Amino acid sequence: EVQVVESGGGSVQSGGSLRLKCVASGFTDSNYYMAWFRQAPGKDREPVVCLYTGGGRTYYDDSAKGRFSITQDEADKYTLYLQMNALKPEDTAVYYCGVSFGFRNWRAQYEYNYWGQGTQVTVSS
């Protein structure tokens, strides 16, 4: 059974930083895509960033460029991190981690086969 588990959310003030963690398990393919999406209250879930573990290619939404960074754990290829710096109140959302084994559009939710339960990020002004 594939499982995706996020952690690391919390509350910070504007300008602060958080590091989210996503751990995937239950599959053996070491080449896959892992993405972070987020959903603010009353809004649709939106893509933030994605990484392909097979070569390290990354995809960033404009809202994340220059502030967020996705990396893979050097010791565990099924653990990825989302480092979020210079956080803004508009970054407040539930952040979800998704796993895909191939897609045409990294920004589309339906391209991801498995999702975690989400972790809350709250940024106060």
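Remember, it's a predicted structure, so these values are computed and weren't measured experimentally.
- Between Leu20 atom CG and Phe68 atom CZ the span is 8.5 Å, to the nearest 0.5 Å.
- Shown here for Tyr60 and Ser69, the closest heavy-atom pair between the two residues is OH-CA, 3.3 Å.
- Under a hydrophobic clustering in which Ile, Leu, Val, Met, Phe, Trp and Tyr are joined whenever their side-chain heavy atoms come within less than 4.5 Å, directly or via other members, Val48 and Val121 fall into the same cluster.
- In this structure, Val5 shares a hydrophobic cluster with no other residue, the cluster being traced through Ile, Leu, Val, Met, Phe, Trp and Tyr side chains under 4.5 angstrom apart.
- For the pair Arg45 and Phe37, the cation-pi test (distance below 6.0 Å, angle within 45°) is failed.
- Remark: Tyr95 engages no residue in a ring pair (Phe, Tyr, Trp, His ring centres under 6.0 Å) (not counting sequence neighbours).
- Evaluation of the ring pair (Phe, Tyr, Trp, His ring centres under 6.0 Å) rule for Phe27 yields Tyr32, Tyr78, Phe101 as partners, not counting sequence neighbours.
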Salt bridge (Lys or Arg N to Asp or Glu O under 4.0 Å) assessment of Asp73 paired with Lys21: CA-CA 10 Å; Asp73 190 290; Lys21 179 179 179 180; over 6 Å; no
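- The side-chain heavy atoms of Leu82 and Val49, taken from C-beta on, include a pair separated by under 4.5 Å.
- Applying the salt bridge (Lys or Arg N to Asp or Glu O under 4.0 Å) rule to pairs touching residues 101-114 yields Asp61-Arg107, sequence neighbours excluded.
- A 4.5 Å side-chain heavy-atom check between Ile70 and Tyr59 finds every atom pair outside the cut-off.
- By the rule that hydrophobic residues join a cluster once side-chain heavy atoms approach within less than 4.5 Å of another member, Trp106 and Val4 end up as members of separate clusters.
- Partners of Lys43 according to the side-chain hydrogen bond (donor to acceptor under 3.5 Å, both in side chains) rule, which considers only residues two or more places apart in sequence or in another chain, do not exist here.
- Pairs engaging residues 74-88 under the salt bridge (Lys or Arg N to Asp or Glu O under 4.0 Å) rule: none recorded [sequence neighbours left out].
- Residues in residues 2-31 take part in these disulfide (SG to SG under 2.5 Å) pairs, two or more places apart or across chains: Cys22-Cys97.
- When side chains are defined from C-beta on, Trp36 does not count as touching Tyr81, because their heavy atoms never get closer than 4.5 Å.
- Across every non-hydrogen atom of Pro89 and Ser124, the tightest pair is CG-C, 4.5 Å.
- Contact of the Leu80 side chain with the Leu51 side chain is registered, since non-hydrogen atoms from C-beta on lie closer than 4.5 Å.
- When every heavy atom of Asn85 is checked against every heavy atom of Ser17, the shortest pair comes out as OD1-OG, 2.9 Å.
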Chi angles and distances behind the side chain to side chain contact (heavy atoms under 4.5 Å, CB included) call for Val99, Val2: CA-CA 10 Å; Val99 170; Val2 175; 5.7 Å; no
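- Judged as a side-chain hydrogen bond (donor to acceptor under 3.5 Å, both in side chains), and not counting sequence neighbours, Asn105 has no contacts.
- Of all the heavy atoms in Trp115 and Gly98, the pair that sits closest is CE3-CA, 3.7 Å.
- Every residue two or more places apart in sequence or in another chain was checked for a side-chain hydrogen bond (donor to acceptor under 3.5 Å, both in side chains) with Gln72, and none qualifies.
- The distance from the OG atom of Ser100 to the CD atom of Gln109 is 12.5 Å, given to the nearest 0.5 Å.
- Within the 4.5 Å cutoff, the side chain of Asp91 has heavy atoms near those of the Arg67 side chain.
- Interatomic distance, CD of Gln39 versus CD of Gln120, reported as 11.0 Å (0.5 Å rounding).
- A donor-acceptor pair is defined here as one N or O able to donate and one able to accept, closer than 3.5 Å; such a pair exists between the side chain of Glu6 and the backbone of Gln117.
- Judged by distance alone, the side chain of Thr53 and the main-chain N or O of Ser30 form a donor-acceptor pair under 3.5 Å.
- Put simply, the side chain of Glu90 does not reach to within 4.5 Å of the side chain of Val123, judged on heavy atoms.
- Every residue meeting the ring pair (Phe, Tyr, Trp, His ring centres under 6.0 Å) condition with Tyr33, not counting sequence neighbours, appears here in chain and number order: Tyr52, Phe103.
- Legend: residues meeting side-chain hydrogen bond (donor to acceptor under 3.5 Å, both in side chains) with Gln3, ordered by chain and number and at least two apart, are absent.
- The neighbour count for Gln13 CD, taken as heavy atoms of other residues, nucleotides or ligands under 6.0 Å away, does not exceed 12.
- Residues satisfying the disulfide (SG to SG under 2.5 Å) test with Cys50, not counting sequence neighbours, are none.
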